[in-house]
Enquirer: 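For reference, the structure I am asking about is given below.
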Amino acid sequence: MTAGTTSAAAPELSPLAQERLRYRRSRARRSTLVALASTVLFAGAVAVGITSSPGWPRVQDTFLDPAIAWSSLPAVLEGLWLNVRVLVVAEAGILVLGLAIAVLRTLRGPVFFPVRALATGYVDLFRGVPLLIALYLIGFGLPALRLPGVPTDTAVLGTITLILVYSAYVAEVFRAGIESVHPSQRAAARSLGLTHRQSMRLVVLPQAVRRVLPPLLNDFVALQKDVGLISVLGAVDAIRAAQIESARTFNFTPYVLAAVLFVLLAIPTGRVADALAARSARRQGWA
Amino acid sequence: MTAGTTSAAAPELSPLAQERLRYRRSRARRSTLVALASTVLFAGAVAVGITSSPGWPRVQDTFLDPAIAWSSLPAVLEGLWLNVRVLVVAEAGILVLGLAIAVLRTLRGPVFFPVRALATGYVDLFRGVPLLIALYLIGFGLPALRLPGVPTDTAVLGTITLILVYSAYVAEVFRAGIESVHPSQRAAARSLGLTHRQSMRLVVLPQAVRRVLPPLLNDFVALQKDVGLISVLGAVDAIRAAQIESARTFNFTPYVLAAVLFVLLAIPTGRVADALAARSARRQGWA
Amino acid sequence: APPASGASCEPGALPTLTPGSLTIGTDQPVYPPWYLDDDPASGRGFESAVAYAIAGKLGYSRDQVTWTRVPFNAAIQPGPKTYDLNLTEFSITDERRQAVDFSSPYYDVRQAVVAMADNPLAGATSIAALANARLGAQVGTTSLDAIQQQIRPASTPAVFNTNDDAKLALTNGQVDAIVVDLPTAFFLTSAELEGARIVGQLPPGTGTPEQFGAVLDKGSPLTGCVSTAVDSLRADGTLASIEQEWLASAGNAPELQ
Amino acid sequence: MTNQVLEVRGLVKRYGATTVLGGIDLTVAEHQVVTLIGSSGSGKSTLLRCVDLLEEIDDGRIFLDGTDVSDPRADAAAAQRRMAIVFQAFNLFPHLTALQNIALAPRVVHGVPAGEADERARELLRRVGLEGFAGAHPDRLSGGQQQRVAIARALAVRPRLLLLDEITSALDPELVGEVLQIVRELADGGMTILMATHEMGFARTVSDRVCFLDGGRVLEAGPPDQVLGKPVQERTRQFLARVIAAGRLG
Amino acid sequence: MTNQVLEVRGLVKRYGATTVLGGIDLTVAEHQVVTLIGSSGSGKSTLLRCVDLLEEIDDGRIFLDGTDVSDPRADAAAAQRRMAIVFQAFNLFPHLTALQNIALAPRVVHGVPAGEADERARELLRRVGLEGFAGAHPDRLSGGQQQRVAIARALAVRPRLLLLDEITSALDPELVGEVLQIVRELADGGMTILMATHEMGFARTVSDRVCFLDGGRVLEAGPPDQVLGKPVQERTRQFLARVIAAGRLG
Ligand SMILES: Nc1ncnc2c1ncn2[C@@H]1O[C@H](COP(=O)(O)OP(=O)(O)OP(=O)(O)O)[C@@H](O)[C@H]1O
Ligand SMILES: Nc1ncnc2c1ncn2[C@@H]1O[C@H](COP(=O)(O)OP(=O)(O)OP(=O)(O)O)[C@@H](O)[C@H]1O
Ligand SMILES: [Mg+2]
Ligand SMILES: [Mg+2]
């Protein structure tokens with residue numbers, strides 16, 4: 001056994017380390033190339049298969065007509081603007097309500113049984129009811145009561161419905177996060193004298209939210225699109241705008257246009273999640 | 001300081017323990033009563049407010065007509081049966097595809113960059129595109145190519161679309177679960193000589209799935225309802241059946257009926273999640 | 001009407017989807033007075049009667065007609081069609097002709113404004129009086145185009161999935177008036193909506209009048225025969241008498257200036 | 001009897017059918033250091049957790065400064081503010097840095113201004129030899145470093161009663177000496193301490209009382225020289241004999 | 001030089017800008033027990049993790065039975081199947097029972113039939129004094145019980161090289177003796193062991209070699225009597241002086 005002699009910690013890389021680094025890099029490069037090539041090949045084969053199919057010219061005319069895309073762009077964009085505006089308001093409401101319900105659902109002990117039961121009932125009810133039908137019931141049913149003080153504006157009623165329904169989903173996401181934090185963390189917080197609220201806010205939730213960020217953003221991406229359902233109440237969102245344009249021309253290009261815009265809208269959300277997750281992983285040394 | 005004398009561990013409860021147990025029970029009972037009473041009171045107030053509103057008779061006729069509910073029940077139930085059938089097939093496909101994409105997304109190291117990038121692109125694309133539009137593109141676009149061997153059955157195409165879109169959401173949920181498992185668990189598995197696949201299957205995923213069960217079931221509850229969207233391709237699901245009935249009678253009761261059925265369908269899902277979570281918590285001593 | 005595309009319109013032996021039978025598509029649900037009771041096979045309702053008359057002209061008896069239900073978007077999609085012809089109040093436009101074939105028109109349609117009688121708008125006599133109202137219409141209809149092009153309201157019109165939703169919004173007071181085609185307006189006000197009344201019909205637009213035609217697959221071999229059938233139904237007065245039977249009261253709404 | 005800070009009477013704790021603590025009586029007077037010894041699984045950690053009101057007890061009473069804090073009517077949070085515990089598994093907050101872990105409770109529970117809390121946290125980090133690690137998250141610290149942060153976190157709230165659960169387990173012997181020195185200073189400074197330890201030598205020099213736990217009972221208790229030197233119970237003698245065999249009596 | 005099981009040459013490990021291991025040379029011959037000592041944060045755990053190929057190293061080579069397993073072209077999983085590690089923080093699988101934790105790797109990695117794997121796991125649990133806890137999940141075990149399960153889990157794969165990271169830290173002194181006895185038996189039975197420990201007395205009696213790590217370097221290495229008895233380096237002498245002051249040289 002030899003030991004005790006330490007080779008100098010080179011600030012410069014040793015030839016061995018350099019060689020290994022090169023090998024790893026070349027392997028990464030090769031696998032990138034393989035993946036790229038196979039993707040391109042596959043995509044190419046699919047593209048050729050599709051464009052040489054007998055129905056392609058019809059499909060191209062129906063789904064990919066640039067003139068129609070251009071002419072319907074303003075209307076679809078205007079619709080998308082409604083989606084975005086309602087989205088922002090609804091998201092804020094959903095986060096607050098969803099978090100509150102999740103916290104109520106995770107209270108322990110028999111004393112809190114009724115509160116838990118109520119929260120559970122809320123989730124069961126609003127998660128179970130189809131959004132479309134909830135929109136009918138609240139958006140058309142509530143004004144029909146002709147009660148004084150009840151709003152009749154469809155955007156307001158639609159936003160309220162979205163908040164009620166989506167907060168049931170988001171509450172379940174938060175619950176998963178809260179329950180995945182090991183109880184010893186709560187014990188540590190309580191032993192330091194933190195109140196239940198403080199433990200939640202300062203110890204449990206920061207860890208919980210990080211863990212459920214992807215499903216949370218799932219719900220927000222889904223919301224981006226479901227916001228459009230308030231169009232059953234009469235407002236014109238991006239999909240409804242596409243539908244109007246499409247019905248005018250009997251052409252599906254406006255739908256494709258709307259799809260592209262929605263995908264573009266969703267991509268940054270995904271990247272934000274990745275960046276946040278990577279940052280906190282790096283900080284905690286998990287990287 | 002006194003010590004060393006131990007009071008016998010009573011199999012019977014001591015008077016003190018009995019008194020405390022009684023106190024805790026009475027507190028639990030009281031809080032149940034308070035919650036029940038306040039719920040009943042609140043619900044009662046809302047009910048009175050609604051039923052005494054000027055529009056109530058109209059609303060009752062429009063949304064809550066028992067005769068219409070009864071007569072539309074068979075059609076709505078038949079529609080629901082379609083939802084359930086497609087649901088079962090789609091769920092199986094979504095779980096498999098979603099899990100695969102999640103595992104690809106969580107591969108580490110530069111060698112896997114291209115695979116990760118592809119998986120990320122998949123999620124961005126299919127999560128971003130509105131389901132309705134995806135249904136149009138795949139359900140109408142694919143048959144329009146008139147390619148031999150491509151299915152034209154709307155239920156099949158609809159199910160494929162559902163699997164493609166929902167697996168993007170479910171992949172994100174699984175990803176959150178996988179990433180929330182502390183890296184030391186993976187290290188322990190690898191140090192025992194388990195392959196990457198084995199570590200995933202036997203160590204990471206069992207812990208991951210348990211943590212994200214609520215958002216996972218969220219997606220399945222949402223799917224129960226979104227299955228109905230394949231009715232745009234021509235099939236008649238529960239909501240479309242309700243719409244047809246509703247149009248026949250110019251009455252919205254069939255929608256309410258459908259909503260009730262969907263809520264009833266969603267409740268067991270929620271209870272299953274609770275039971276599973278409680279069981280594994282009890283086993284691990286978290287209770 | 002497009003020329004008969006070479007095919008001989010031999011009675012009862014057209015190149016249909018199912019030889020020996022004629023498949024006619026329509027939406028689900030469908031509304032009176034076009035179809036009564038959401039039952040196209042009853043022969044009751046204007047379009048149901050027209051459909052059977054066309055079938056008859058083409059040499060298909062009543063029991064050789066099959067009905068199939070196709071939602072709007074499925075009816076106009078580019079893939080293989082599930083029907084031979086489709087009658088669901090489709091308005092003929094040149095743009096739409098890019099995507100499907102139309103038969104000769106079987107009905108000239110006018111748009112009408114419906115409001116609740118207790119709404120001040122109910123007494124309006126001019127289009128200008130509607131400009132500040134909250135208006136609504138069903139998606140995919142030319143009623144919506146009429147609002148945008150003829151009324152040009154100050155606020156964006158509400159657009160609904162179905163006329164049912166539009167009607168509910170109207171009775172709820174969430175919109176002041178809705179625009180529907182004139183026969184529908186008569187049906188609504190006389191049978192369905194208590195307290196609703198027709199404010200008036202919109203003047204015919206400039207250029208070609210709005211007309212309903214049967215939709216066929218793009219390049220369908222049947223288009224010519226169907227058009228010939230419709231033309232001869234018009235010529236022999238059948239269309240007029242069907243219209244008389246199902247859309248009788250359509251003539252007497254005041255025209256908005 | 002002098003001023004009793006902690007008094008435990010007939011404490012019973014069960015997990016389902018297993019009785020982990022079968023009626024514990026124990027008192028800790030002001031400025032005293034009481035040490036719990038006993039084999040693995042004898043209930044030391046469970047006792048400390050029960051005292052810190054982290055577990056609902058099945059029977060018995062716990063008095064803190066004469067108040068029955070185990071009463072379900074009592075304000076548990078108020079009692080917990082007056083105690084601090086160092087867990088055997090550290091239980092640091094993984095999303096906070098070492099400094100934030102230490103400064104959290106003083107800031108939010110005791111209302112110390114942020115600047116001052118950070119200053120004190122830095123001072124405590126210096127005291128446990130980790131001045132360079134203020135900004136590091138727990139996952140980046142070695143076992144011994146984590147344990148020292150946990151000790152600093154407990155000290156930061158200036159508790160009336162300090163509970164220590166094997167605080168030297170992850171430490172190298174060099175640090176064991178240092179940390180035990182800190183405990184000694186705390187004891188000399190008048191801190192009241194209840195601790196579980198496996199360091200018999202240390203238990204002997206620093207404790208006022210030693211309690212030997214076995215199977216959820218206090219089998220023997222008294223001054224360290226008596227319990228560790230001339231134990232009465234056969235089981236205690238066995239335990240000590242093996243400890244000596246393991247070369248750890250110090 | 002005899003049959004070298006492990007040979008580490010110029011091992012460098014950095015976390016970002018900090019160099020945690022600054023060029024380590026180390027060999028462990030067959031049937032030898034080599035012990036790593038050194039203060040907290042000196043890099044003992046990191047070295048063990050690098051040897052077990054759980055960290056990507058920045059420079060140097062690791063040979064297992066003469067094969068360079070640190071080469072990115074080598075089959076890391078195959079090498080890992082021939083080693084086993086007991087982590088300082090145990091890292092038990094929380095969703096599996098004690099028995100399942102132990103039987104997992106033999107079953108899925110080494111293809112032992114389920115019944116046989118369970119039987120061996122039960123035998124190992126008996127050996128570490130936990131026969132009654134086969135069905136318990138880790139969260140229900142005390143610190144010392146968890147540590148013993150972790151030891152049993154590592155032994156279950158019958159490794160060619162056993163890596164132990166402070167396996168006695170959570171144990172009471174009575175158990176320390178027992179577990180060290182297990183290690184002694186393993187060593188006598190010919191197991192090749194590399195371990196980090198704070199138990200100087202034990203290191204002295206069981207080791208063939210002791211390496212003193214300081215600041216990521218092997219400062220001094222040799223037979224235990226030499227390193228612990230007549231150390232050459234000033235820093236080693238300091239360390240040992242403080243260890244003795246803490247009463248832990250045994
Ligand atoms: N949640 C639980 N459910 C069931 N049994 C438990 C639970 N927690 C602890 N136990 C059991 O209670 C007993 C006492 O555990 P405790 O942690 O108090 O021991 P300890 O004296 O601290 O041991 P060590 O020195 O190993 O830390 C052990 O046998 C343990 O298995
Ligand atoms: N992920 C990481 N990022 C940055 N620094 C790290 C990381 N992991 C460990 N370190 C640092 O590396 C050094 C060596 O850590 P290591 O765990 O190897 O020490 P050790 O000798 O095992 O100490 P102990 O006896 O306390 O367990 C420590 O200073 C630690 O803070
Ligand atoms: Mg313990
Ligand atoms: Mg270590």
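Every chain is numbered from 1, with letters handed out A, B, ... down the list of sequences.
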Enquirer: Name the member of D:L163, D:V108, D:V157, D:L104 that forms the most heavy-atom pairs with chain A at distances under 4.5 Å.
Expert: D:V108
Enquirer: More than 12 heavy atoms of other residues, nucleotides or ligands under 6.0 Å from CZ of D:R120: yes or no?
Expert: yes
Enquirer: Which value, rounded to the nearest 0.5 Å, describes the distance between D:R81 atom CZ and A:L194 atom CG?
Expert: 9.5 Å
Enquirer: Taking all heavy atoms of A:A187 and all of D:L54, pick out the closest pair and write down the distance.
Expert: O-CD2, 3.5 Å
Enquirer: Kindly check if the number of other-residue, nucleotide or ligand heavy atoms within 6.0 Å of CZ (D:F63) is above 12?
Expert: yes
Enquirer: Any chance CZ of D:R126 has more than 12 other-residue heavy atoms, nucleotides or ligands included, within less than 6.0 Å?
Expert: yes
Enquirer: Measure D:D52 against the heavy atoms of chain A and call it side chain, backbone, both or neither at under 4.5 Å.
Expert: side chain
Enquirer: Counting only heavy atoms not in D:R158 (residues, nucleotides, ligands), do more than 12 fall under 6.0 Å from its CZ?
Expert: no
Enquirer: Is the number of heavy atoms from other residues, nucleotides or ligands within 6.0 Å of CD (D:E56) greater than 12?
Expert: no
Enquirer: When you look at CZ of D:R73, are more than 12 heavy atoms from neighbouring residues, nucleotides or ligands closer to it than 6.0 Å?
Expert: yes
Enquirer: Determine the minimum heavy-atom distance between A:A188 and D:F93, stating which atoms define it.
Expert: CB-CE2, 3.8 Å
Enquirer: Would you say that D:F87 contacts A:S191 through its side chain, given a criterion of any heavy-atom pair below 4.5 Å between the two side chains?
Expert: yes
Enquirer: With a 4.5 angstrom heavy-atom cut-off, could you sort out which part of A:Q185 is near chain D: side chain, backbone, both or neither?
Expert: both
Enquirer: Below 4.5 Å from any heavy atom of chain A, which atoms of D:R153 appear? Answer side chain, backbone, both or neither.
Expert: both
Enquirer: Do any N or O atoms from the side chain of D:H95 and from the backbone of A:L202 form a donor-acceptor pair under 3.5 angstrom?
Expert: yes
